[in-house]
**Student:** 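Structure below; questions to follow.
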2 protein chains.
Amino acid sequence: MDTALDGAVRVFCERGYHATSIGDLTAAMRLATGSVYKAFRDKHAVFLAAFERYASVRREQTRGAAARGANGRERLRHVLLSYVEHSQGSEGRRGCIVVGSAVELSAVDPVVRARVNAQLATNESFIAGLIREGQADGSIPRHVAADDTARLMICITQGMRVVGKARLPLDGTRLVGVAMKLLA
Amino acid sequence: MDTALDGAVRVFCERGYHATSIGDLTAAMRLATGSVYKAFRDKHAVFLAAFERYASVRREQTRGAAARGANGRERLRHVLLSYVEHSQGSEGRRGCIVVGSAVELSAVDPVVRARVNAQLATNESFIAGLIREGQADGSIPRHVAADDTARLMICITQGMRVVGKARLPLDGTRLVGVAMKLLA
DNA sequence: AATAATAGGGAATGACTGTTTCCTAATCAA
DNA sequence: TTGATTAGGAAACAGTCATTCCCTATTATT
């Protein structure tokens, strides 16, 4: 069942909600029409489940990237690098369900909008926490405004997914090198 | 006819391509079904025209914002401030056709992808130009990497439209204040 | 003034959508 | 082994979609 959801995640990432038909879903999930509707109330419920799965996988990946750093500053650097990498290549072209949902659905679907906001808030406070860790361990100056910088970094990460989907190449080292000036 | 296109822009911004029906379009353009198909070959052609109109209006607005600054650094600051303002409030909630197209269509529609890339490239080189102007007039240090910084700023602006559509509030002064550190 | 040409409007159409229903096959309990 | 319960699949259904066709009103021309 989780492998079926992974298929749903893939196709929803790539085409978004409206352009994904039940036929696309059954193909990607390797399930027949009836089976999908036995497991989920409707297409919207499949989407919500796929969103939740995607979000939890991405949260874990981001936390894993952070763990690779020795102090707050390095943890944040690895998080940004991880975002660049996920925004590139085939995964970048496939796209991010959170960004897709924000753009395609959040204007008309309050349930999806709430999930998007929750995911953005979680990411933002995770980043703000890393900044504060860095300030505590001395790797980031005290005068850095943690909340404002975190919000700008959310803009950066979401924006990277947009330009990654448009297939603009991103150089991780150089881009993150510039972005780290925000911690000066 | 241009006022009809403005209506198409509005509804395409808000709902995206697939979620916008011909009925939505006729209502927003205040034209009957047949009239839409007399003026445009199909829905896709309406979208392309709306995209082009939106892009040219936005280009002009961005250039206008830049003109409010006295040197390269200030021009860039006004451009960023203008982006924050356009990403907020009712216009922010409505959304950006470029971001919407990148996310919803660029994976499957090469024509749209080309337009998106062109618009991103134009914006990016405009920003890079402003950085170089600032370096020439002394308001921006020489060691700033113009191209890398411009690409990161594109990520920032596109990301602002994403979080603006998700209705996260953005404080222009504070956000841009942080972003200007990229020019240090 | 009469006629040709065109722009605009609205109903009809066929394809495709999400959803439901019903049937088959498999799994588990006794 | 038999019976019951459930997972899975294919076809049918109602509704909506983009598109086309044809009609009306307006404008321009002679």
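Numbered from 1 within each chain, the chains take letters A, B, ... in sequence-line order. If you're wondering where the values come from, they're calculated on a predicted model, not measured in any experiment.
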**Student:** Can you check each nucleotide of nucleotides 15-23 of chain D against protein heavy atoms at under 4.0 Å and return B for base, S for sugar-phosphate only, - for none, in 5' to 3' order?
**Tutor:** --SBBB---
**Student:** Write down the distance between CG (A/D24) and C1' (C/dG18), rounded to a whole number of angstrom.
**Tutor:** 12 Å
**Student:** Looking at C/dA7, I'd like to know if its phosphate oxygens (OP1 or OP2) sit under 4.0 Å from a side-chain N or O belonging to B/S35.
**Tutor:** no
**Student:** Applying the side-chain contact (heavy atoms from CB on, under 4.5 Å) criterion to B/V57, which one of B/R59, B/Q61, B/E60 satisfies it?
**Tutor:** B/Q61
**Student:** Which residues in residues 104-115 of chain A have a heavy atom closer than 4.0 Å to any atom of DNA chain D?
**Tutor:** none
**Student:** So, for A/L183 and A/R73, which heavy atoms are closest and what is the spacing to 0.1 Å?
**Tutor:** O-NH2, 3.6 Å
**Student:** Think B/R58 forms a cation-pi with B/Y83, using NZ or CZ under 6.0 Å from the six-ring centre and within 45 degrees of its axis?
**Tutor:** yes
**Student:** Measure up the A/Y17 and A/F12 rings against each other and bin them: parallel (under 30°), tilted (30 to 60°), perpendicular (over 60°).
**Tutor:** parallel
**Student:** Please report the interatomic distance CZ(B/R63) to CZ(B/R75), rounded to the nearest 0.5 Å.
**Tutor:** 13.0 Å
**Student:** Are A/E133 and A/N71 side-chain neighbours, meaning at least one heavy-atom pair lies under 4.5 Å?
**Tutor:** no
**Student:** Within this structure, what is the CE-to-P distance between B/M29 and C/dA7, rounded to whole angstrom?
**Tutor:** 15 Å
**Student:** Would you check if there is a donor-acceptor pair between the side chains of A/S21 and A/D24 at a distance under 3.5 Å?
**Tutor:** yes
**Student:** So, is the end of the A/K43 side chain (NZ or CZ) under 6.0 Å from the ring centre of A/Y37 and within 45° of the ring's axis?
**Tutor:** no
